[in-house]
Structure formats: structure tokens, C-alpha cells
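For the numbers below, each heavy atom of this structure counts, side chains included, while hydrogens, waters and symmetry mates do not.
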Amino acid sequence: MNRVFSAVLTASICFSQPVFVATALAEDHDDHSHHEGEVDGVRTVHAWARATTGKTAFVFVDIENESDRDIAITGGESEIASSVELVGFRLKDGEPDYVVLPPVPIKAGTEMVLTPDGLSLRLNGLATPLVQGEEHEIEIEFDFGHIEMFFQVEASDARHHSHVGHQH
């Protein structure tokens with residue numbers, strides 16, 4: 001099992017602070033759009049997925065917990081998929097593999113970044129292919145409720161959101 005993912009999975013299951021993704025929040029974000037969401041001090045921004053013709057896709061997003069309480073991401077929902085699961089990436093026998101995870105904690109005052117080689121939201125049973133340039137709605141579910149936002153579809157080989165470095 002990939003050593004980094006093993007640590008992530010262990011941290012996630014034990015509900016200790018996921019050190020691999022938690023960093024102190026430093027930026028003040030004032031510009032709001034449908035590409036971000038916020039509820040009670042928890043903010044989601046820069047959601048994206050890769051273009052695909054398959055029945056599965058992965059959504060990546062930055063989650064900022066600016067609240068004074070610990071929270072947990074639990075999964076999601078989208079009208080274009082039959083289900084949305086929180087998963088972790090690992091290499092199994094040298095091949096990419098994804099493991100469904102229990103709720104993963106996000107400590108107060110930290111940020112979690114869902115990335116291609118880490119945690120992500122897996123869209124299962126896509127009703128339609130994801131085409132570069134399109135956007136689709138997703139509800140990201142937490143232990144306190146959900147946040148609605150849109151994700152941008154990037155190139156099939158993208159490694160990050162096309163607006164990386166751009167400030168909200």
C-alpha cells in the first residue's frame with residue numbers, strides 16, 4: 001500500500017487531524033460566485049473534475065474551515081451521478097486504486113485540499129460524459145449539512161484547476 005495513502009487512511013479512520021491536508025488559513029476571501037460555496041464559516045472553492053467518457057469521475061476541491069469547530073466531510077450528491085463517495089487514492093500492485101473512506105475530519109482553522117493523488121469525491125454512474133469547459137452542480141456533504149456549488153470540467157489529463165493561483 002502506498003505509504004502516504006496508508007497514513008492518510010489511518011488518520012482518517014482514527015479521526016485524528018489529517019496532517020497531510022491541514023494547513024493554517026491565511027487568506028481573506030471576499031469574491032463569491034457559483035464556483036464556491038459557504039455555510040457557517042466553512043467555504044468550498046476551486047472545484048474541478050477531469051473530462052471523461054467513462055461512468056466514473058473524480059471531483060477535487062479546496063475546503064476551508066474558518067469556523068471555530070471541527071467538522072467532517074462525508075460525501076456528496078450530484079444530479080449527473082447515481083452516487084458520490086469520499087475516496088482515497090492508493091497504489092495497489094502498482095495500479096491506481098480508490099478506497100471508500102469514512103467521514104474525514106477537518107479541524108477548525110484549517111484547510112483540506114482534495115487532489116488527484118489524495119482524497120476526492122468519486123462520481124459513480126455518470127448519466128453523461130464530462131466534457132472540458134462544462135460545469136456541473138455538486139452538493140458536498142458534511143456532518144453539519146451540505147454546501148452547493150458548481151465544478152468546472154478540465155482537460156482529461158489536468159493535474160489542477162485551471163484557475164490555480166487565482167484569488168477568490
Same cluster for Val39 and Phe142 if Ile/Leu/Val/Met/Phe/Trp/Tyr side chains link at under 4.5 Å? yes
To the nearest 0.5 Å, how far apart are CZ in Arg69 and CD1 in Ile106? 11.0 Å
Glu137 versus Ser78, closest heavy-atom pair with distance: O-OG, 2.9 Å
Member of Val87, Leu86, Val61 meeting the side chain to side chain contact (heavy atoms under 4.5 Å, CB included) criterion with Ser120: Val87
Test Asn65 against Lys107 for side chain to side chain contact (heavy atoms under 4.5 Å, CB included), laying out the working first. CA-CA 7 Å; Asn65 183 3; Lys107 295 284 188 186; 5.8 Å; no
What's the shortest heavy-atom distance between Ala81 and Val84, and which atoms? CB-CG2, 4.5 Å
Mind checking whether Leu126 and Thr56 have side chains closer than 4.5 Å, heavy atoms only? no
Worked verdict on His46 versus His35 for side chain to side chain contact (heavy atoms under 4.5 Å, CB included): CA-CA 7 Å; His46 297 151; His35 286 165; over 6 Å; no
Does the pair Asp40 and Ser67 meet the rule for a side chain to side chain contact (heavy atoms under 4.5 Å, CB included), with working shown? CA-CA 7 Å; Asp40 297 331; Ser67 75; over 6 Å; no
Taken to the nearest 0.5 Å, the spacing of Gln132 CD from Gln152 CD works out to 8.5 Å
Taking ring-ring contact (aromatic ring centres under 6.0 Å, His included) as the criterion, tell me which of Phe89, Phe151, Tyr98 meets it with Phe58. Tyr98
Nearest-0.5 Å distance, OG of residue Ser82 to CG of residue Asn124: 6.0 Å
Are Leu114 and Leu101 joined in one hydrophobic group, where the rule is that I, L, V, M, F, W and Y side chains link up if heavy atoms are under 4.5 Å apart? yes
Atom CD in Glu139, atom CD1 in Ile147: separation rounded to 0.5 Å? 11.0 Å
Working note: Arg43 + Glu36, criterion salt bridge (charged side-chain N to carboxylate O under 4.0 Å, His left out); need CA distance, chi angles, decisive distance, verdict. CA-CA 7 Å; Arg43 190 165 173 270; Glu36 58 186 280; 2.5 Å; yes
If you compare all heavy atoms of Leu130 against all heavy atoms of Ala49, which two are closest, and at what distance to 0.1 Å? CD1-CB, 4.0 Å
With Met112 as partner, the option from Ile71, Asp62, Leu119 fulfilling side chain to side chain contact (heavy atoms under 4.5 Å, CB included) is Leu119
Find the distance between CD1 (Ile73) and NE2 (His146) and round it off to the nearest 0.5 Å. 13.5 Å
Does some side-chain heavy atom of Glu111 sit less than 4.5 Å from a side-chain heavy atom of Ile63? no
Any chain of hydrophobic side-chain contacts (each under 4.5 Å) joining Phe150 to Phe60? no
Apply the test side chain to side chain contact (heavy atoms under 4.5 Å, CB included) to residues Thr52 and Arg50: give CA-CA distance (whole Å), side-chain angles for both, the deciding distance (0.1 Å), then the verdict. CA-CA 6 Å; Thr52 183; Arg50 293 178 177 144; 6.0 Å; no
Mark yes or no for whether Asp143, through its side chain, and Ala72, through its backbone, hold a donor-acceptor pair below 3.5 Å. yes
Is there a side-chain contact between Val153 and His136 (heavy atoms, below 4.5 Å)? yes
Roughly how far, to the nearest 0.5 Å, is CG of Leu121 from CD of Glu141? 9.5 Å
